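What you see is a predicted model, and the numbers here were worked out from it, not measured in a lab. Residue numbers begin at 1 in each chain, while the letters A, B, ... track the order of the sequences.
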Protein chains: 2
Amino acid sequence: MDNPPLPAGARRATIVTLSRVAGVAPSTVSRALKGDTRISPETRARIGRLAKELGYTPHASARTLSSGRSGLIGLVIGASSNPFYTELLHEAVRQAAPLGMRLLIIHAGPGPIENSTADALLQYQVDGCLMTSVELPSHAAAICAANGVPVVMVNRVARMNSSAVTCDNLFGAAQLARLLLEQGRRRLAVVRTSASSSTGKERERGFLERVSEWGREPPLLFDGRSTYEGGYEMAQRIADLPPAQRPEAVFAVSDIMAFGVLDGFRLRGVRVPQDIAVVGFDGLPAAARPCYDLTTVEQPLQAMIGRALGMLQARIGNPSLPDETASLRGRLLMRGSAAMAAPHPAGSAFGSPAAG
Amino acid sequence: MDNPPLPAGARRATIVTLSRVAGVAPSTVSRALKGDTRISPETRARIGRLAKELGYTPHASARTLSSGRSGLIGLVIGASSNPFYTELLHEAVRQAAPLGMRLLIIHAGPGPIENSTADALLQYQVDGCLMTSVELPSHAAAICAANGVPVVMVNRVARMNSSAVTCDNLFGAAQLARLLLEQGRRRLAVVRTSASSSTGKERERGFLERVSEWGREPPLLFDGRSTYEGGYEMAQRIADLPPAQRPEAVFAVSDIMAFGVLDGFRLRGVRVPQDIAVVGFDGLPAAARPCYDLTTVEQPLQAMIGRALGMLQARIGNPSLPDETASLRGRLLMRGSAAMAAPHPAGSAFGSPAAG
DNA sequence: TTCTTTTGCGCGAACGTTTGCGCACACGAG
DNA sequence: CTCGTGTGCGCAAACGTTCGCGCAAAAGAA
């Protein structure tokens, strides 16, 4: 037909534009661009060149509409108060891009997901969903399950209808326990977190089990919120204990809590590691700061995200794949907060701060 | 035609499904659902009810394709090392949802935006773009400009073809300067950041101007990276100064740098605020921690994001709107790190930590 | 030559929404 | 009875891709 090739308005080039210029059918262009071998190599090359020249960029919405694949991964992320989630988000973005996946933020922050927000999962036809929220994202998970959207939990144990990848919390916590036990530290304590966090529970259990394996008395337990402030408050409580009851080492189930514990101790004049050793879990970059110098277990974030995205991809390709759980071992980072005996002459921020 | 109303496969309800059940045309359903007054109130109500019953959820891709509106806001965000960006992201997500906007992460992290990543802006037809990256996102900005996608920079001065909303950096920094000057602090210092950050430059300038207005000698300048470590290193440098040359107060141009400065001082036994006062800028939640207790200017993040999204909305509705820059005043948070004379008896973490 | 097979590509119908235009019907005015 | 004038809704053409078929032409087999 002889309708004008370009509608005058400076529109973006589409597959149809390309097809007209190349003198082929739109379907051919579509196939050529995705390297379909049914199209001859020459034609493919020619169309590829043309696409570049005309600055062709595919319209994701059209692809989504037609194929049902959006290339979008829904992201449900927890409170901003724990930097771990920020690290996680950044790593996910970094790794998703080269895989042709984009992240659509469904929810960020504390609190449950509103229904209206969860609907975005459907509206935008996300291909999969990454969840890291502490609060059980029930409604969102239900939507995903009902619509065959694969879900991978990261740093959370799997719920119904979802896969999961976590750090090996039991092993990691056991490593920490062993470190402290080998140092001969007697009375131990765990600053743990209230109910909801599966991760925290696992870490606590891993620690307790190892201690009991060694036949030692069970650690004291302190329940705090899963925040810096939670750790800070528990540190006060520990410092308030009569000296005879004070633990010789504290395991805070997350680095952010450990930071609070360390600062709380410092404020109270409790010296770390001389008076009390402190260990955490997560391997946040900030744990390496001289003022914390925190012994911790580093979650293998890069590998975890890689695994999570891989699981997602696999399930997007084959929805009938069964759910799966992977737990990856983290690395023990030994630092000053749980050093033996004499503090480092330099590099440790825990000497007496005022004029010595 | 008499094709079966439901194709047996459990597909989601669409507008066509609704139209068949309601016995009206699809166009009527579309209009009814968005409250078009040309449709009678009864019909609207009826269709609304039906939509609920059948669990209708619109397909964003179809809407995008047809109307050119995706409801997506592209998000370009800087390095994870500064928690401010995390706060910003969370606030943006929180405020965007009720406005029917979703955030598509185009880029997160340090480093420039790859071209392939920036293409997502076009592929997903984002309606607008929020940018907070330190690195000038040139390619992405160019794409937006070329395609009429409105851009709002947050916490950055506007570049060509973009609007911006910032905290009033000059005013805020001037407030800090005034506070220190009024306390009679003489030798001042600025821990500033290397070239690229417009925000940092403004804060520095605001501070210097106010100092010079008072006719005082210009502050010492220390160039550090815009990170915790940058501040930490500069604190060492300051502590290394011979006592006579040491400043009496330090303005770190961001809270994260101020944290580094504070920890650096603590490690070196420099007491804050007795020996040196420290002030920051941003108002991070962590600045309130007892171990920092940092005097700072709080960016009105909520208002800033509200304004940014508003600008975006306005420009999406009317693309010919000229670029605009808003700068909102922050609140001075006076805390212990720049307190006068005697340190707080309690609540300040800066008393002598060992048994007093 | 004729019959199959391969290779290379085109046809056309989806996918679900939006939107400009226009049509019927009711109602009041002339 | 006719003529506007609204009101309330339907028609149908987009939007840009994908994908199941199917059809030519070339290549090989009989």
Measure from [atom1] on [X] to [atom2] on [N] and round the result to the nearest Å.
X	N	atom1	atom2	value
L33(B)	dC9(D)	CG	P	13 Å
Q123(A)	dC15(C)	CD	C1'	17 Å
Q125(B)	dT18(C)	CD	C1'	14 Å
R20(A)	dC9(C)	CZ	P	20 Å
R63(A)	dG16(C)	CZ	C1'	16 Å
I15(B)	dC15(D)	CD1	P	19 Å
L65(A)	dT18(D)	CG	P	11 Å
I39(A)	dT7(C)	CD1	P	13 Å

5′-ward residue of the pair Y56(A)/R46(B) relative to DNA chain D: R46(B)
Distance-only side-chain donor-acceptor flag, [X] / [Y], under 3.5 Å:
X	Y	answer
T199(B)	R156(B)	yes
S61(B)	T64(B)	no
S30(A)	S27(A)	no

Establish, with yes or no, whether the OP1 or OP2 oxygen of [N] is under 4.0 angstrom from a side-chain nitrogen or oxygen of [X].
X	N	result
R12(B)	dC15(C)	no
T43(A)	dG8(C)	no
Y124(A)	dG16(C)	no

So do [Y] and [X] actually touch side chain to side chain, heavy atoms under 4.5 Å?
X	Y	result
V151(A)	N161(A)	no
L33(A)	Y56(A)	yes
L89(A)	L89(B)	yes

All N/O pairs under 3.5 Å across the protein-nucleotides 19-22 of chain D interface:
| from | atom 1 | to | atom 2 | distance (Å) |
| --- | --- | --- | --- | --- |
| dG20(D) | O6 | R31(A) | NH2 | 2.8 |

Closest listed nucleotide, where the reference is the side chain of V24(B) and the choices are dT17(D), dG16(C), dG10(D):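 Closest of the options to the side chain of V24(B): dG10(D).
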Rounded distance [0.5 Å steps], OH in Y124(B) versus CG in L72(B): 9.0 Å
